[in-house]
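For the numbers below, each heavy atom of this structure counts, side chains included, while hydrogens, waters and symmetry mates do not.
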Amino acid sequence: MKHIISVLVENKFGTLNRVAAMFSARGFNLESISIGETEDSEISRMTIITKGDDNIISQILKQLNRLIDTIKVTDLTHQPHLSRELLLITLKLGRSSQHEIFELINVFKGKVVDIKQKSITIEVVGSPDKINTSIDMFRPFGIKEIARSGTVALHRGEN
């Protein structure tokens, strides 16, 4: 099962490397990792997407808590949370497909971030499912390039 783990860490050189090394050394699956400063510039939030059974997830949580720069580890999987990804996708643009592409952009509440005579780059923000679906729907138009962020997540409501 996929798990969304939020980790507050001290914003120090090498912290991301230590987390990645911990996953690698123990053979844990790291599907995605996103990191950025919080409202406090000395603290960063990592959002880690990983898979595993209950024993593996328990080990991951324990190992993350042992890392020197870790402040707090939370498995958001079964808690109320918000999660989002960013997709940038460049498509081939032809006169015959323009109308359909713009309709899909509206359906996915996307934005055109660049347009040329033969290509269009679109931004879509949403849940991982929305991102996957939008990629599938844009695929028939000819994908030239994709850049996709990892998931970012926050606990929903009062803490």
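The salt bridge (charged side-chain N to carboxylate O under 4.0 Å, His left out) contacts involving residues 135-148 comprise E85-R148, D136-R139, where partners must be two or more places apart or lie in separate chains. Within the structure, side chain to side chain donor-acceptor pair (under 3.5 Å) contacts touching residues 74-84 (residues at least two apart or in different chains) are H3-D75, H3-T77, D75-T77, Q79-H155. Contacts classified as side chain to side chain donor-acceptor pair (under 3.5 Å) and involving residues 14-28 (residues at least two apart or in different chains) are given here: T15-D69, R18-D69, R26-Q63. The salt bridge (charged side-chain N to carboxylate O under 4.0 Å, His left out) analysis of residues 27-40, with sequence neighbours excluded, yields the pairs K2-E31, E31-K51.
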Determine, stepwise, if the pair I4 / I49 fulfils side-chain contact (heavy atoms from CB on, under 4.5 Å). CA-CA 5 Å; I4 301 170; I49 308 299; 3.6 Å; yes
(request) Walk me through it: do V7 and V19 pass the test side-chain contact (heavy atoms from CB on, under 4.5 Å)? (result) CA-CA 10 Å; V7 186; V19 171; 5.8 Å; no
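V152 and L16 fall into different hydrophobic clusters, where Ile, Leu, Val, Met, Phe, Trp and Tyr side chains are chained together by heavy-atom contacts under 4.5 Å. Under the 4.5 Å side-chain heavy-atom criterion for Ile, Leu, Val, Met, Phe, Trp and Tyr, L87 and I33 are members of distinct hydrophobic clusters. Residue I131 is grouped with residue L91 when hydrophobic side chains (ILVMFWY) are merged at heavy-atom distances under 4.5 angstrom, including chains of intermediate members. L67 and L30 fall within the same hydrophobic cluster, where Ile, Leu, Val, Met, Phe, Trp and Tyr residues are linked whenever their side-chain heavy atoms come under 4.5 Å apart, directly or through other members.
Under the 4.5 angstrom side-chain criterion for Ile, Leu, Val, Met, Phe, Trp and Tyr, the cluster partners of V125 are L86. Annotation for L82: hydrophobic cluster partners, listed by chain and number, are none (ILVMFWY side-chain heavy atoms under 4.5 Å, direct or chained). The hydrophobic cluster around I43 extends to L8, I71, counting ILVMFWY residues whose side-chain heavy atoms fall within less than 4.5 Å of a member.
Residue M1 places its CE atom among more than 12 non-hydrogen atoms of other residues, nucleotides or ligands, all under 6.0 Å distant.
The nearest pair of heavy atoms linking T47 to A153 is OG1-N, 3.4 Å. Here the shortest heavy-atom pairing between G52 and I57 reads O-CG1, 3.7 Å. Of all non-hydrogen atoms in I101 and F138, the two that sit nearest each other are O-CE2, 4.2 Å. The two residues N11 and S41 have their closest heavy-atom pair at ND2-O, 2.9 Å.
Note that the OG1 atom of T70 and the CG atom of L61 stand 11.0 Å from one another [nearest 0.5 Å]. To the nearest 0.5 angstrom, T50 atom OG1 is 5.0 Å from N29 atom CG. Atom CD1 of I89 and atom CD1 of I135 lie 5.5 Å apart (nearest 0.5 Å).
Contact check for I48 versus F23: side-chain heavy atoms found under the 4.5 Å cut-off.
Side-chain N or O atoms of S97 include none that pairs as donor or acceptor with a backbone N or O of L93 at under 3.5 Å. In this structure, the side chain of S134 engages the main chain of K130 through a donor-acceptor pair within 3.5 Å.
Under the rule for a side-chain contact (heavy atoms from CB on, under 4.5 Å), the partners of L154 that lie at least two apart in sequence or sit in another chain are R45. With sequence neighbours left out, the salt bridge (charged side-chain N to carboxylate O under 4.0 Å, His left out) criterion links K12 to E10. Here D53 pairs with N55, I56 under the side-chain contact (heavy atoms from CB on, under 4.5 Å) rule; sequence neighbours left out.
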Just distance, no hydrogens or angles: give the donor-acceptor pairs under 3.5 Å from side chains in residues 103-124, sequence neighbours left out.
unit_1	atom_1	unit_2	atom_2	d
E103	OE2	H99	NE2	2.5
N106	ND2	F102	O	3.4
T121	OG1	T90	OG1	2.8

